Each structure stands twice: as structure tokens, then as C-alpha cells.
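To start, the structure itself, in C-alpha cells.
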Amino acid sequence: MKKLKVTIDGKTIEVPENTTVLDAARMLDIQIPTLCHHPKLTPFGGCRLCIVEIKGIPRPVTSCTTPVSDGMEVTTSSPQIEDLRKTVLELILSDHPNDCMVCEKAGDCTLQELAYFYGIRENRFGGERRVYAKRDGNPFIERDMEKCILCGRCVKVCDEVQGVGAIDFTYRGFKSKICPPYEKDLNCEFCGQCVAVCPTGALTGKQWSLRGRQKDIKEIDTTCPYCGTGCNITLHVRRNEVVRITSREDTWNEGWLCVKGRFGYKFINSPDRLKKPLIRIKDRSNSLNDIFREASWDEALDYIATRLNEIKSKHGADAIGGLSSARCTNEENYLFQKLMRAAVGTNNVDHCARL
Amino acid sequence: MNKNITIQVCMGTGGIAAGGLEVLDAFESLMKEKNIPAEFKKECSMHKVGCRGLCARDVLVDVIADNRRTIYQYIKPEMVERIVDEHVVGGNPVSEWQVDEDYHKFHEKQVKVVLSDCGNIDPEDINAYMAVDGYKAVEKVFTSMTPEEVIDMMKKSGLRGRGGAGFPTGVKWEACRKAEASQKYIICNADEGDPGAFMDRAVIEGNPHAVIEGMVIGAYAIGASKGYVYIRAEYPLAVERLKKAIKDAKERGFLGKNIFGKGFDFDIKIKLGAGAFVCGEETALIASIEGQRGMPRAKPPFPVHRGLWGKPTVINNVETLANIPYIIKKGHEWFSSYGTEKSKGTKVFALTGKVKNTGLIEVPMGITLREIIYDIGGGIEGGKALKAVQTGGPSGGCITPDMLDINVDYESLAKVGSIVGSGGMIALDEDDCMVNVAKYFLQFTQSESCGKCVPCRIGTKRLLEIMDRITKGSGRQGDIELLEKLSSDIKAASLCGLGQTAPNPVLSTIKYFREEYEAHLQGKCPAKACREMLTYHIIEEFCKGCGACLRACPAGAITGEKKKPHKIAPEICIKCGACFDVCKFKAVGKE
């Protein structure tokens, strides 16, 4: 592949064709602020924070959308560029609730972070703010559109990664807004990828509300138990309670999750959750009703082995069949069929996903 | 008896609105009804024509008899009988209904290229176009020129994009020609969105075949087999005529497969726009054709490399395309004989505002603004003083009377902080408040911003809010400087042309009329146009006590007995200006 030479802030690097100036700068560990950029999504160029100066181009250009050309000379920071970035940030904040004190995202918010680094305390551009009374009645995703900065990441992830296209930009001008068709409540598959990529508190999980901010949270990496895909997830734990699930971008599932993996964790702390094996016994007083008796794992496994042996000797091995679960990993499923074939001696083994 | 009579009725949108259809009907039914000799009827043809510019005088009717053209203005159906009796049959033109000197002055300094056939031929009849050498340019190109020769001719002609940016057409075509791809496209940008601009509409309504011919030539030059016309759905007549023209051109083999037996295929589709101003920006236009929301994307890559469906695409404006057949037919030397060193040919402007003759004009590049305003436009209405000429619509700026002798071309207008743009030209007089004018354009751009980038979406909103408070008398010290700072930041940081030019009206009016802004900060609108800053009062010595203002006042702020001077209670007055408008004795004063 053709290599292109680019000089950024005096440092030179060779990059493959079609590398953007932003990516090249990040390879050189040069910081350029961004809000709408997401490495897994196509460049947008909307927030205008990543503007840089390129020799020979009269006006600042967005580094996220500009491909490197050979011999390009880039300046990522100058008084004029920083001044423009500050204006842009002030403009965004002039149309933002700025209620970080009660915001779910505080401490984990890109906008808050940038406002801090640019030291924006006063705002020259105070004015009308978009006010939206209606909140979305869907069960999973809290949409606080007043906090939306229209970076478009949610729209892109829904379209480009999930292939759903549940939301898009609507209206024009200052009233522009991202919402589902006809401004109805969100009625999608609730994968929550939009929540994962939102840089502000505009999109959060409904069940995350008031469960604790990021700074108090212990992150534990594990594997999602829901299906054989085995996505890598990160449990956000506060006081021994899972309050949120995310996934890291450098995992094999690239940080993407489905509705179950992201939002289906309430069972963990549910009082109804099955934690010990139960053995079914007949209720002598009512033949229609079975009773479940708590047992130890040793007792339960002994019971299973005994019963399997009994059935096998009386009716033959093919009287037994085994059904595995899609929630098991490949390895677990392999072991299960091995158990059925080698230990029990039957080929009657199947999987719930085929039913 | 007259021979070879042709009656032409102006049937552009302006003509139809003024009753053109009814006038044509009246001619047709009268010719049938009246006892007119058969051989005479045979000699007499009637047809509709497109816009010829002076829309203010519609319905315009031409009666051409014995090669002598008589032009009538303000014609209504009931006037038709007399014209038929006295002129068509009797041979004596009705002198008092003929156009006056102004009509001729309006046309004298104009040079019509793009509009040369508009208003003369029936736009719905391909034969009429072919009778004036229509499609001869396509024939010439296909039978005797290579694509490279066509591009070379465009480059030599000096034709530049008429949509506003003025990019050389030949250079654009060449870049697309050189791009390697299995499929290329040519798009006609007919998403004319500037408030007050209607030249593209008039061209398509008046001569749609010229645009199609231009597209076929462009397609041949760049090697595109598919074309789109992106046109606003709000132009129903233009769409209808274009559809018919495409169908007719296809039947004659100027579109479709194997054009002129040269193995070249080209077809045109019409895509209706939904009235978004930003879709005139080429990347937003492409997104819209692709079925996406019309939002611009960053360039590069430019459409000539990655355009519609990711393929190399040339996007030309209607007026640009309509120039092309004439350049091919008459040669690049002819075309470049008009204009200035860097701006060649002619440009169509929509002349509006306070001039006497408003309408569509086509002038050679380099004509002075003075000639446009005073010769073509006939000067300012009511003998008032010209205050400024606003050009380029919401992306443009103002030119003051002391600069009236500048040449109207891309470079000269840019030098004084304005632009040619798509060709809007508004004359403003002493009654126009420059702050208010800038606010008007800003309102437009703000509500048409696509919302994608922050400086445009929020920045123009903040600009507008500052402008709004200035015009309402609550401007703050430092507001002018804030406007300047924010404007320059928006221009520098916005993604597309809309945001990059939206602050131009503000900057330009501050540059030339700063004192007017300052007066507003001190609570005065010098033009007395900003209603919120005015107080209304009755001038006792003029007031006849007729009660007209009292009846007109929606707030009940006016009291008074009949035949005695009335009074306005300032605490009740809502400053709507109804009393001022209704008073016949100039007895309502505003300060």
C-alpha cells in the first residue's frame, strides 16, 4: 500500500492512503479535541472542534474528514484555532442545560471534560435554549434531548453498525433534533448502541438512573452469559450491585452489545434468582402439584447420575435425550454432547436454538 | 388584411398568475367565434411563451403582424376583443395599451444569451426550439467534436458556474472526465432557493430544452450515461414543462440510447426537492437524491471524484447549462467577447426592491451597477434616494451608492464584500433599515440551516438573537463587536457554504452602515422601519378627525371625537403601524 508522509506539529509520520489527519495525529499521540468523531463510525465533521490548519488551504478544515495527502503540513493548535474551538464550545454550552450537578453522565461526559479544559466559565453567547417537555416512554433508553449536541453518533451507529435506522435528524436550523419517525417514542430493538456512543448525558439507560456516578464504580470485565456469542462485557459495580453494563472497544465484539447484554442484568440481584439446585418431588396431598426441594450440588448431581443409570439399564441409552442451551459457550456445548455420547451413550443431543 | 400573424402570450409563472391562461383562452375563443375569414384564421397562430423579464407588466401579449411586433402590457381577458378587432383584423394597433418607453429601456442594455429564446418560443413545443436552431449544438458535438474538444471549448469560453461560486465549468468537466469510474453522473442543480431569485425557474419554464441540451453536451464531455435534474417541487410549472421536454427529446433521439448513432447513451431523471435551501449545496443535493436527509458533507473528496452513489459527478446550475448550447453554436470567442477579463458572458439577475422596473434581466458581466439600477431598473421608485443594493441574497452583501460604478462581475463584487451569488439584486431606499434587512436574511439562513454543524446551527441563532434585540431597541453596548466576532468565527468554522456565508449580510451592513447599528443601540432606527423602536403620535394640525385610525387600531389606543384631532395613548399602543398605513392626511407621525 502506498505510504504518505505527513508532518503534524513538526512531527513527521508515514501513514497509509486514506488515513485521516485526525488518525495520523493520534498515531503521533497528538491530542485534537473531538465530540462527534467515533473511531468505528464514518466521519461526520459536525462539531468542528477537530479543525486544524493545513498549509496551502486558506481556511481551517476538520481533521476527522480530511484525508492525508503526501507532504501535507498540519498545525493542530494555534491561537486562531483554539479561539474558534472555544467559540464552538461556548455555542454548544449556550444551548445545553449545564446541570452537571444532577446529570447522570457527570464525570464521564466528553462535553464536560472539554468545557473544563477550555476553562469555560462565562459564556458570551447566552440565548434561547431548546426545551423539550416530553420524555420518551420506552422501557430502556432515557432520551434527554435538551442535552443532545447533535453530534449524530447515535444516528450513525444505529444505521451503520446496527442496520436499524430507528432515529435520524429532523427539523432544520436551531430546532434540529434527533428522534424516531414522527417523534414517537423509541420503538426499536433497544440494543443501546446509541447510548454507548453518546458523548453527553442525552442518552442514558433508564435503569442507571441515580445508581451512582462513574467515579464510585468498580469495573469488572467478564463474558456475557446470554448466548453463545460470548460478548465481552464490563460490569459496573457499586456496593456489590451491578448498576450498569458496558463493553470495551478493544474487545472482539468491538464494544457492541445487544439489548440483553446491555440492559438485561436485573436478574443478578433479583430475589427470585435460582442460586441452589432444586429437586422435584411429588406432593402427596395434591397429585397435580410438584414440590421443589433445595439440595446441595453433590446431592443433585448424584441424583441425576443415579436416575440416568436407572433409565439406561431399564430402557436403553436411546431413551435418554439431552438439550443444551444457547446461553452456553461453545466449549460448554462441546462438553455436553461429549457427556451424552461418551458417558450416556446416545446421539440424542440437541440445542434450544434449533427448536 | 394582415398576413402571418402570431400572437404570443407570456405564460411564465408571473404571466399565469396575472391571468395569462385566461387571456390566451380569450384570444382562442374570439378567433373561433368571430366572423373572421378562413384564410386569415389559417395565417394566425397563437401560443404561449416563457418569461421575458418584466413581470411587473404582465400579462404581456405580443402581436406580430407582417414581421412587426407590437407589445401590449397589463392585458386582461376583457381587453382581448378590442385587440382582435382593431389590430389583428383591422391592422391598427391599440396604441394606449402598448408598452411604454420604460419597457424598451428595460431591455435596451440587456444582452440575452440564456434568455434569448425565453419569451419568444413555445416552451412546450420541441419544434419551436428546433426552429431556432435548438439541438444543433448537440448535433455539432456528436458529429464533429471529441469530448476533450468540448471541454477545451468550455475552458476557452471562460464560462463559470452561475449558481454562485463561479467555478470554471470546463475545469470541473475536465476533472470529472479524468476521474476513472464505471459510471458517472451529471446533475442539473435547479434547487433555486435564494429568497427573491427566480432565474432558474424562468429558464426552465421558458426554454427547458436548452437546459436538456446543455446536459447532453455535458454528459458527452464527461462520459456520463445518467443525469438528474434536482428541482424544487414548489416549481410545478417548471417540472411539468421539463417532463414534457425530456419526453419529447427522447422521442426525437436527443436522449436515450445510441444518440446520433454514436453509441452514446444518456438519460435524464427528475428528482423533486422538498424545498430545503441547503439542498442547493452540492453534497447535500447528492445526499437528497440518494434518499438521505439533505445535509452537506466535508469536501474533499469533491463530487467530481466521489459524488452521487460514490461515483464521479458533475453538478451544474441551470443557467450554466443553458449557456452551453449557445457557446457550442456560436463559438467560445463570441461568448468571451462579453464580460470582463475573468468573468465572461452574461448573467441573469432578479432585479427587485425599490426600482421602478422589477423583473428578470440578463446583462453582460462587467456592466456597471449604475446602468442596472438607473437604466434597466428605471431608477428608484417615488424619487427616493438609493441607499444600497443588496446582491447575492442571503449569502451576499450590500453595495453603497458611492460604489455604483463598479463592474458587476465575480471579482469586483467580491472586492467590496458582496457576491454575484445566484443573482438576486435588491435595491434599497431610505425607508429600508439595514439592520432589519440583515436580520431578514439571517432569519432565512438560520431556519434553513441543516443543523449539522455547531457554528451554523447555534451560531446563526445567536447572531439572530443579537440582531433581534438591536432592532427591538434593547441592544447592548458591545453588541456590534460581538456580532463581528461571532460572524467571523461562524464564517471560519462552518462546514458548508451556507454557514460560511450566512453572516455576510451582517458583516457587510456593519461595514457600510455601522452608524445605523449605533443609532439602534441609542434607541433610534434612522429609517423608521423597526416598529418596536418607534412611537406613534397624531400631528394635530393635519388630523381631520375622520376616525379611520381609530377604527383601524386593533388595540383601542386611539381616542377622539369626530372632526377633532385624535390622540394615541402610548401605553396602550402596540406599535403595529395600522394607523400610519390607513391615514390619508399624513397626520400620523412616527419617531
Side-chain angles (χ1 to χ4, degrees), chain A residues 18 20 35-36 42-51 53 57-67 69 80-81 83-96 123-130 148-152 155 159 165 168-178, chain B residues 274-279 283 287 291-301 305-306 442-466 468-469 476 478-479 481-483 485-496 498-500 502:
Chain A
N18 295 324
T20 64
L35 267 175
C36 68
T42 54
F44 189 60
C47 77
R48 317 307 288 170
L49 284 174
C50 72
I51 48 170
E53 284 165 3
I57 299 179
R59 50 180 306 122
V61 296
T62 43
S63 57
C64 70
T65 58
T66 309
S69 62
Q80 198 222 350
I81 289 286
D83 193 42
L84 286 176
R85 285 180 184 153
K86 202 168 173 209
T87 298
V88 167
L89 271 173
E90 271 181 72
L91 286 172
I92 295 174
L93 290 168
S94 75
D95 182 31
H96 194 79
N123 197 324
R124 292 167 288 172
F125 310 117
E128 188 191 330
R129 210 163 56 67
R130 291 166 300 150
C148 174
I149 56 166
L150 284 103
C151 70
V155 176
D159 181 34
D168 205 341
F169 285 81
T170 53
Y171 302 107
R172 292 176 203 157
F174 187 67
K175 294 188 187 116
S176 302
K177 183 184 181 185
I178 290 168
Chain B
F277 177 63
V278 73
C279 286
T283 56
Q292 315 276 338
R293 175 181 163 97
M295 289 206 290
R297 61 156 176 80
K299 296 183 276 190
H305 298 121
R306 285 195 57 197
L442 203 57
Q443 252 161 356
F444 178 80
T445 36
Q446 155 56 211
S447 60
E448 289 295 335
S449 161
C450 80
K452 180 170 177 173
C453 80
V454 176
C456 181
R457 182 181 77 242
I458 310 177
T460 58
K461 171 76 179 171
R462 299 294 172 244
L463 274 187
L464 183 59
E465 284 169 346
I466 301 169
D468 197 52
R469 68 179 181 237
R476 304 166 195 162
D479 269 356
E481 292 72 21
L482 192 58
L483 282 173
K485 165 74 181 139
L486 184 52
S487 292
S488 77
D489 285 359
I490 292 170
K491 278 171 74 86
S494 286
L495 193 161
C496 81
L498 197 161
Q500 287 162 13

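The shown structure was predicted, so the numbers you read here are calculated from the model rather than taken from an experiment.
- Per-residue counts of heavy-atom pairs under 4.5 Å with chain B were compared for A/I92, A/L49, A/V61; the largest is that of A/I92.
- Top candidate by heavy-atom pairs under 4.5 Å with chain B, chosen from A/T66, A/T65, A/T87, is A/T87.
- Heavy atoms closer than 4.5 Å to chain B are found in both the backbone and the side chain of A/F44.
- Looking at A/R124, the atoms closer than 4.5 Å to chain B (heavy atoms on both sides) sit in the backbone and in the side chain alike.
- B/R462 has its side chain within reach of A/F174: a pair of non-hydrogen atoms, C-beta onward, lies under 4.5 Å apart.
- The backbone N or O of B/S494 sits less than 3.5 Å from a side-chain atom of A/R48, completing a donor-acceptor pair.
- Residue with the most contacts toward chain B among A/L35, A/T170, A/T62: A/T170 (heavy-atom pairs, distance under 4.5 Å).
- A pairwise comparison of heavy atoms in B/I458 and A/D95 identifies CD1-CB, 4.1 Å as the closest pair.
- Between the side chain of B/E448 and the backbone N or O of A/R172 there is no donor-acceptor pair closer than 3.5 Å.
- Proximity to chain A involves both the backbone and the side chain of B/R457, based on heavy atoms less than 4.5 angstrom apart.
- For A/E128, the parts lying near chain B are the backbone and the side chain together; criterion is any non-hydrogen pair under 4.5 Å.
- Contact detail for A/P67 and B/P300: the closest heavy-atom pair is CD-O, 4.4 Å.
- Note: B/A493 leads B/A493, B/C456, B/A298 in heavy-atom pairs under 4.5 Å with chain A.
- Counting heavy-atom pairs under 4.5 Å between each of B/K452, B/M295, B/K299 and chain A puts B/K452 at the top.
- Looking at B/E465, the atoms closer than 4.5 Å to chain A (heavy atoms on both sides) all sit in the side chain, from C-beta outward.
- Comparing B/I490, B/T460, B/L482, B/L463 by how many heavy-atom pairs each has under 4.5 Å with chain A, the most go to B/L482.
- Most heavy-atom pairs under 4.5 Å with chain B: of the set A/G45, A/G152, A/S94, this distinction falls to A/S94.
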